[in-house]
**Student:** 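My structure is below; once you've seen it, I'll send some questions.
Residue numbers count from 1 along this sequence.
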Amino acid sequence: MNRPDFENVSAIFQKLARLTDEEALAYKPTVAQAEAYFLRLLLRDPADENEKSLCEYACACKAYLDYTVLQAASQKADSTQIGGVAARVAGDKTVLNAERNMYDAFAALAPGLVRDDGFIFEGTGDRCDR
């Protein structure tokens, strides 16, 4: 059994997010959620160390995307006239780059390793249907 090592996932996530050890502890639930998501997508165990490390990186990229969305939402919360709070994350460049990075990481995985789950792994550039 050559399953992804989620200690490695946490370490990769910490590097992507540029967090200290103490800061990374606060995002353990975010990483755990990304790990659970990735395990649901995994169709088979990685065949070798290369596939295993690609899986770990892809999982860390998912955690990093979730982290960037949380950061963007908390940094761009605006009070409205009636006191509600609206989060605007759709146009945040960090979120868009994290999303593109995650799609690229998933696209690098071997065919048949993970299920698609609705993502389009190739050709992830912006597309406009008119």
**Student:** More than 12 foreign heavy atoms under 6.0 Å from CD of Q33: is that the case here?
**Tutor:**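 For Q33, atom CD is not crowded (no more than 12 foreign heavy atoms under 6.0 Å).
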**Student:** Indicate yes or no: does R100 engage D104 in a salt bridge with an N to O separation below 4.0 Å.
**Tutor:**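 Looking at R100 and D104, the cut-off is not met.
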**Student:** If you measure from CG on L65 to CG on L70, what distance do you get to the nearest 0.5 Å?
**Tutor:**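 So the gap between those two atoms works out to 9.5 Å.
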**Student:** I need the minimum non-hydrogen distance between C61 and M102, along with the two atoms involved.
**Tutor:**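 In terms of heavy atoms, the two residues are closest at CB-CA, 3.8 Å.
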**Student:** For L42 and P4, which heavy atoms make the closest approach, and how far apart are they?
**Tutor:**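 It is CD2-CD, 4.2 Å.
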**Student:** Could you walk me through whether K52 and D5 satisfy the side chain to side chain contact (heavy atoms under 4.5 Å, CB included) test, starting with their C-alpha distance in whole Å, then the side-chain angles of each, then the deciding distance to 0.1 Å, before giving a yes or no?
**Tutor:** CA-CA 8 Å; K52 179 181 170 184; D5 179 352; 4.2 Å; yes
**Student:** Can any side-chain N or O of Q14 pair as donor or acceptor with the backbone N or O of L19 at less than 3.5 Å?
**Tutor:**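 Pair found, side chain donor or acceptor close to backbone of L19.
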**Student:** Any side-chain heavy-atom pair from F6 and C59 closer than 4.5 angstrom?
**Tutor:**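 Side chain of F6 against side chain of C59, heavy atoms only: contact under 4.5 Å found.
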**Student:** What distance do L16 atom CG and N101 atom CG have between them, rounded to the nearest 0.5 Å?
**Tutor:**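 Nearest 0.5 Å value for the CG-CG distance: 6.5 Å.
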**Student:** Starting at NZ of K62, measure out to OH of Y37 and round the result to the nearest 0.5 Å.
**Tutor:**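 Going from the NZ atom of K62 to the OH atom of Y37 covers 6.0 Å.
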**Student:** Is there a continuous path of hydrophobic side-chain contacts, each under 4.5 Å between heavy atoms, that joins L25 to V9?
**Tutor:**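 No, separate clusters.
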**Student:** Hey, are the side chains of L109 and F106 touching, using non-hydrogen atoms and a 4.5 Å cut-off?
**Tutor:**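 L109 vs F106: side chains touch.
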**Student:** Could you tell me if Y103 and E99 have a donor-acceptor pair between their side chains, going purely by distance under 3.5 Å?
**Tutor:**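 Side-chain D/A pair, E99 to Y103: present.
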**Student:** Measuring only between side-chain heavy atoms, which start at C-beta, is Q71 closer than 4.5 Å to V95?
**Tutor:**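 Heavy-atom side-chain distance check fails, nothing below 4.5 Å.
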**Student:** Verify, without hydrogens or angle tests, whether N2 (side chain) and D48 (backbone) share a donor-acceptor contact under 3.5 angstrom.
**Tutor:**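 Side chain of N2 to backbone of D48, a donor-acceptor pair under 3.5 Å: yes, one is there.
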**Student:** Mind checking the SG-CG spacing from C55 to D45? Nearest 0.5 Å is all I need.
**Tutor:**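 So the SG of C55 and the CG of D45 are separated by 9.0 Å.
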**Student:** Restricting to non-hydrogen atoms, name the atom on E51 and the atom on A110 that form the minimum distance, rounded to 0.1 Å.
**Tutor:**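 Heavy atoms of E51 and A110 come nearest at OE2-CB, 3.3 Å.
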**Student:** Do the side-chain N and O atoms of N97 and Y64 include a donor-acceptor pair separated by under 3.5 angstrom?
**Tutor:**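 Per modelled atom types, N97 and Y64 side chains form no pair under 3.5 Å.
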**Student:** Go through the steps for F38 and V114 under the test side chain to side chain contact (heavy atoms under 4.5 Å, CB included), then give the verdict.
**Tutor:** CA-CA 8 Å; F38 190 82; V114 293; 4.0 Å; yes
**Student:** Indicate the atoms forming the closest heavy-atom contact of A26 with P29, along with that distance.
**Tutor:**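 The pair with the smallest heavy-atom distance is O-CD, 3.7 Å.
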